[in-house]
**Student:** 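The structure follows.
Whatever order the structure lists them in is the order used to number ligands and atoms, beginning at 1. On a predicted model such as this, the values are computed, not experimentally measured, just so you know.
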Amino acid sequence: MTPSAPSLIQPTKSRVVAKDLRALLGVEKVLDDGPALTAYAVDASIYRVPPQAVVLVESEDDIAATVSYAVSRGIPLTPRAAGTNLTGSAIGSGIILDVSRMNRILEVNRKERWARVQPGIVLAELNKQLSAQGLLFGPDPSSGDMCKLGGMIANNSSGPHTLRYGSVKDNIQSLRLCLTSSSWIEARSYALNDPMLERLLTSVPALRDVLVLTQAHADLIAAKQPTVSKNSCGYNLFAVADGLAQGHFDLPKLFVGSEGTLGIVSEAKIMLAAKPAATLTALIHFQTLEEIGSAVPRLLTLHPSALEVMDANTLNLIGRGNHGIPDDAAATLLVELDADSLDVDLREKADAMVAICRSYKLASELTLAFDASQREQLWKARKALYPTLYRFDAKKKPINFVDDVVVPAERISELIRYLEEFFGGQQVPVAIFGHIGNGNAHIVPLLDVNDTGDFQKMVQAYQEIHATVLNRFGGSICGEHGDGRIRAGFVKTMFGEELYDLFVQVKKAFDPGNILNPGIKLSEAPFTDHIDYTRLSKSCATCAKCNSVCPVYDVFQSEDMSARGWFEIVTAKDYSYLDSKRVIESCLNCKSCRTICPAGVDVSDLILQKRAEHPNRLTGWIFKRQAHGAAFEALLRFLGSTQHIWDRPLIRKLLDRITAPFMKALAPTARLPHDLVLPKLAQRHLRERHGHLIPNGTDSSPSKTVAYFHGCAANYFDDGVGDAVIEVLKKHGVDPALPPQRCSGTPIQTYGHVDLAREGAWFNLRSLAPYETIVTGCASCTLMLKDYPTLFQDGEERQQAEALAKKVVHISEFVARSAERPPMAKTHRTTKRVTYHSSCHLRAAGVTKEPRQVLSSMPGVNFVEMQDADRCAGGAGTYIVKDYNTSQKIFDRKARAIMQTGANVVATSCPACMIQLKNGLGDSVQVKHVAELLQDAYRAAEREKN
Ligand SMILES: Cc1cc2nc3c(=O)[nH]c(=O)nc-3n(C[C@H](O)[C@H](O)[C@H](O)COP(=O)(O)OP(=O)(O)OC[C@H]3O[C@@H](n4cnc5c(N)ncnc54)[C@H](O)[C@@H]3O)c2cc1C
Ligand code: SF4
Ligand code: SF4
């Protein structure tokens with residue numbers, strides 16, 4: 001009789017677990033409040049399982065203490081990294097052990113090409129850092145911007161470039177693991193006659209059990225080994241048996257792909273590859289699917305590093321128009337070729353590829369990209385494919401349950417045809433894409449699982465497709481995503497009872513109490529258990545792409561302090577502001593999540609809506625005074641004229657204390673730290689300095705066509721930005737008007753005052769309506785003015801807001817598009833090395849290239865791109881005061897990136913970011929607005945002329 005998979009220990013629901021863990025690890029590392037448990041109840045799968053407690057481990061001691069506690073109390077323990085798996089393997093009903101804070105690169109050996117890393121490091125971060133040394137870690141899941149090494153190892157992940165680099169299992173030298181027996185092992189490949197192996201087998205009997213059972217059942221294991229090029233289903237006894245036959249016990253092969261069910265990885269020694277010297281990416285649109293089947297083997301002769309396919313349905317679903325895909329393309333191939341040295345001529349290879357493709361009916365010419373940013377564009381749609389499908393329909397969502405099959409590569413067209421017929425019969429839209437070079441297809445049907453009919457179709461498709469892949473194609477049900485909860489129930493069908501029995505014995509040897517990730521990989525439970533029906537009718541794909549750019553997540557490395565977690569928290573049925581205030585008030589409203597989300601979700605807006613239910617009283621009082629009172633401006637002028645007195649170190653220390661209770665009304669974390677470098681307040685505001693540009697109050701049709709919307713900062717601060725914008729405009733032949741204006745509304749909305757924001761917007765709409773172009777100098781004002789339509793449901797206001805949005809241009813856009821080319825200085829005494837910090841709100845407004853274009857075109861400027869240019873600097877309006885500590889932690893990363901460039905000037909497009917940059921950088925690097933640098937260049941030209 002086949003023993004069944006170990007049963008799940010059901011823990012008693014109680015807060016004792018978190019209390020005990022706090023006593024063991026300290027309060028900072030343990031979470032069990034409602035919002036945290038809500039955020040940790042999901043990963044990128046279709047499931048939801050709320051845990052009892054979350055531990056944010058920071059060291060091996062933390063891991064050991066948590067494992068030992070869970071074992072002693074019989075509580076399930078689920079390791080978790082980024083939570084991007086698609087199978088439900090990073091959620092569990094007991095303790096979640098989040099390794100995200102263990103995210104360091106411990107050592108890099110460039111010569112021998114290996115690195116020691118911790119499991120919490122994000123793949124993209126790792127490769128960014130290795131890139132400086134000309135190295136990379138090869139396996140590249142499409143989730144590489146967010147997934148972490150621990151999860152990749154546990155899932156044996158791979159990706160488009162498996163053809164060149166293999167899966168994770170091919171790239172690991174050794175692992176450090178904590179077992180449930182409380183032992184730590186170094187899992188590497190040991191020669192069978194190595195005395196160290198004997199000592200290890202004696203101290204860890206589970207290892208001897210596995211060795212013995214693998215040797216004893218070598219024939220069975222060999223007979224059941226999948227013959228396709230990739231497999232991550234079941235435990236990899238196949239590689240262990242192969243190793244034993246060759247005289248070594250290859251432990252990494254056993255643990256890689258074990259999905260956190262055998263031990264917890266605290267460190268990995270990974271193998272690195274040399275970065276290719278050059279790369280070519282090609283997009284090829286085929287008119288018939290069948291021809292792809294014949295083209296693939298021919299393209300493989302060119303030794304591509306990646307060969308990806310998207311079928312016709314996928315192209316329809318992601319929107320052909322958005323990606324320039326011809327209407328008659330039946331399938332699209334993405335091919336990548338690498339050159340190991342600059343001697344290899346990729347153009348010759350491109351010619352060979354074109355020659356191969358010429359024999360097929362193509363829907364258009366091949367698109368060839370050699371340049372990094374063009375290549376990135378070609379990959380963009382492919383990498384964000386799954387979450388992008390969330391945009392397709394409000395109810396029918398892409399459901400991952402047959403998402404990872406592998407068949408022989410040469411039969412992939414046959415598989416796609418079969419799947420199209422199958423889903424056509426079910427009348428279910430489906431996206432089929434994947435790593436065609438490996439025969440690994442990702443199949444994502446769009447279903448409304450809350451509809452009984454669709455639910456039944458899902459169950460039928462699960463059984464039939466998996467069975468067909470096994471019986472007709474001789475394939476595997478899992479290439480790289482892992483078995484998780486989804487495929488656990490089908491592992492026995494895939495391998496048969498005898499081999500399944502061996503898997504169960506392996507699990508029992510390491511984890512007799514079934515503590516580690518129960519229900520994952522081996523289970524008798526139906527795959528429909530724990531489906532999150534509520535979430536699957538929401539707009540978020542839980543892909544975690546937003547977490548990869550969320551500055552708060554970057555600092556806390558905790559799901560309850562992240563964009564994805566906040567989506568879960570604010571849309572939860574039992575959401576309450578009071579319970580969630582801690583997290584809801586932590587968002588910077590930087591909008592980075594909105595800019596990046598492939599599914600079109602705006603988490604920042606959801607948070608603002610919740611804040612609007614509880615507007616902050618103190619700021620409401622201030623904003624009202626600002627909107628209506630000359631007294632407000634008079635006070636600012638007074639503060640400006642006395643700043644030389646009150647802005648001294650001693651007085652600032654006093655002010656820090658005196659203002660403390662007042663600041664608490666802003667937020668519990670708010671402070672006015674004495675060492676914060678405040679911007680200089682203007683004694684004469686911009687509008688007073690340029691009074692002649694203010695239109696006559698009675699003039700309803702002004703002669704000027706361009707208005708400058710300066711916003712609050714440029715008006716009240718003596719930061720030079722407003723004057724520079726006006727001067728630059730004049731150089732470009734424009735005499736701008738300064739029509740009456742109120743705060744654009746960004747800070748007002750951030751503190752929950754939607755009505756006030758709307759009132760100000762309406763004022764601005766009327767004031768700006770007569771002008772053809774509205775120039776801005778502030779990133780936040782640019783975005784807010786463009787976003788005004790979201791403040792008004794319909795009616796005249798909405799129409800005016802839409803009209804205004806089209807007229808708004810940031811000064812850098814204005815200059816980049818201007819036909820005028822005012823002279824700039826030809827000679828410069830010193831060349832400035834300038835880097836650019838791209839303000840989040842300007843990115844959200846879609847302005848990214850123009851500031852860089854402007855800077856690069858300036859004589860005497862050596863423009864250097866900064867690695868983290870697109871990451872938030874942590875200023876975000878008043879956030880620097882609202883939560884100074886977090887704001888500074890966010891800035892640390894930006895400061896490192898700026899220093900790495902060696903720049904002596906950092907340019908930006910936003911006065912608010914300038915405050916943060918000036919405060920954080922001190923005198924080490926000059927901070928300038930793009931308009932100020934232009935102003936300098938034009939003035940220098942004037943001086944040269946004279
Ligand atoms: C949009 C999108 C695209 C994707 N594309 C690909 C792709 O191209 N190829 C691919 O292979 N996958 C892909 N995936 C799936 C997923 O991203 C990968 O499996 C990824 O490697 C998981 O990493 P993670 O950090 O998110 O791990 P998690 O989801 O947190 O965890 C995954 C597993 O690892 C275990 N685990 C985590 N840390 C440890 C540890 N320290 N010790 C032991 N066990 C641990 C967990 O218990 C769980 O079983 C994609 C996912 C998404 C959302
Ligand atoms: S909000 Fe968007 S980016 Fe974030 S998890 Fe949801 S779908 Fe992904
Ligand atoms: S707006 Fe910024 S801080 Fe807020 S959730 Fe989005 S990315 Fe995070």
Side-chain angles (χ1 to χ4, degrees), residues 43-45 57 63 78-92 96-100 102 118-120 122-123 139-144 146-160 162 167-168 175 177-178 232 255 258-266 268 383-387 390 400 404 434-435 440 442 479-482 484 516-517 520-521 538-553 561-567 586-605 607 840 872 876 879 890:
D43 48 25
S45 71
V57 290
I63 295 178
T78 296
R80 174 173 172 124
T84 67
N85 75 84
L86 299 161
T87 69
S89 61
I91 49 178
I96 302 290
L97 184 149
D98 188 335
V99 296
S100 298
M102 293 179 71
Q118 291 187 313
V122 174
L123 175 65
D140 63 334
S142 304
S143 51
M146 52 272 194
C147 72
K148 299 175 182 174
L149 263 284
M152 288 178 65
I153 292 166
N155 272 4
N156 185 27
S157 300
S158 54
T162 311
S167 305
V168 168
L175 300 170
L177 280 130
C178 180
S232 283
F255 290 104
S258 64
E259 299 180 41
T261 61
L262 302 181
I264 297 190
V265 177
S266 67
K383 288 198 173 179
L385 228 167
Y386 154 65
Y390 256 70
N400 285 295
D404 195 24
H435 319 306
N440 187 189
H442 298 319
E480 56 183 24
H481 290 170
L516 286 181
N517 231 353
I520 304 303
K521 209 152 194 67
K538 294 184 192 173
S539 53
C540 167
T542 59
C543 70
K545 188 105 182 137
C546 50
N547 283 5
S548 70
V549 294
C550 179
V552 179
Y553 182 63
M561 296 294 270
S562 78
R564 174 175 65 175
W566 289 335
F567 178 92
S586 298
C587 165
L588 276 83
N589 189 26
C590 71
K591 307 273 188 221
S592 302
C593 48
R594 155 177 150 176
T595 309
I596 205 162
C597 175
V601 178
D602 185 350
V603 177
S604 57
D605 187 56
I607 292 172
C840 302
C872 177
Y879 193 81
I890 294 172

**Student:** Considering the heavy atoms of N517, write down every atom of ligand 1 situated less than 4.0 Å from one of them.
**Tutor:**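 So the atoms of ligand 1 that pass are 47 (O), 49 (O).
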
**Student:** Just heavy atoms, cut-off under 4.0 Å: does N155 contact ligand 1 by side chain, backbone, both, or neither?
**Tutor:**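 Within the 4.0 Å criterion, N155 contacts ligand 1 through side-chain atoms alone.
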
**Student:** Going by distance alone, is a donor N or O of one side chain under 3.5 Å from an acceptor N or O of the other, for K545 and N547?
**Tutor:**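 The answer is no; no qualifying pair exists.
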
**Student:** With heavy atoms only and a cut-off of under 4.0 Å, state how K591 meets ligand 3: side chain, backbone, both or neither.
**Tutor:**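 Answer for K591: backbone.
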
**Student:** Run down the list S143, G144, S157 and name the one with the heavy atom closest to atom 21 (O) of ligand 1.
**Tutor:**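 Answer by nearest heavy atom: S157.
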
**Student:** Counting only heavy atoms, which portion of Y553 has something under 4.0 Å from ligand 3: side chain, backbone, both, or neither?
**Tutor:**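 It is neither; nothing of Y553 touches ligand 3.
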
**Student:** How does V99 reach ligand 1, by side chain, by backbone, by both or by neither, if only non-hydrogen atoms under 4.0 Å count?
**Tutor:**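 For V99, the contact with ligand 1 is made by the side chain alone.
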
**Student:** Looking only at protein heavy atoms, which one is nearest to atom 4 (Fe) of ligand 3, and how far off is it?
**Tutor:**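 Protein heavy atom at minimum distance: C587 SG, 2.3 Å.
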
**Student:** For atom 43 (C) of ligand 1, what's the nearest protein heavy atom and its distance?
**Tutor:**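 Residue, atom and distance for the closest contact: G263 O, 3.5 Å.
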
**Student:** Could you tell me if any non-hydrogen atom of D43 lies under 4.0 Å from any atom of ligand 1?
**Tutor:**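 Outside the 4.0 Å threshold, so no.
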
**Student:** Using heavy atoms and a threshold below 4.0 Å, how should the contact between P119 and ligand 1 be classified: side chain, backbone, both, or neither?
**Tutor:**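 Under 4.0 Å from ligand 1, P119 contributes side-chain atoms alone.
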
**Student:** Tally every protein N/O/S atom whose distance to atom 4 (Fe) of ligand 2 is less than 2.8 Å; waters are neither shown nor counted.
**Tutor:**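 Protein heteroatoms (N, O, S) closer than 2.8 Å to atom 4 (Fe) of ligand 2 number 1.
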
**Student:** With distance as the sole test, does S562 use its side chain to make a donor-acceptor pair with the main-chain N or O of G565 at under 3.5 Å?
**Tutor:**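 Side chain of S562 to backbone of G565, a donor-acceptor pair under 3.5 Å: yes, one is there.
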
**Student:** Starting from atom 2 (Fe) of ligand 3, locate the nearest protein heavy atom and write down its residue, its atom name and how far away it is, to 0.1 Å.
**Tutor:**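 In this structure, atom 2 (Fe) of ligand 3 has C590 SG, 2.3 Å as its nearest protein heavy atom.
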
**Student:** Quiz question: by atom type and distance under 3.5 Å, do the side chains of D43 and S45 form a donor-acceptor pair?
**Tutor:**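 Side chains of D43 and S45: pair found under 3.5 Å.
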
**Student:** Test of understanding: given a 4.0 Å heavy-atom threshold, classify the contact between H481 and ligand 1 as side chain, backbone, both, or neither.
**Tutor:**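 Looking at H481 and ligand 1, just side chain atoms fall under 4.0 Å.
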
**Student:** Side chain or backbone of A541 under 4.0 Å from ligand 1, or both, or neither, by non-hydrogen atoms?
**Tutor:**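 Within the 4.0 Å criterion, A541 makes no contact with ligand 1.
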
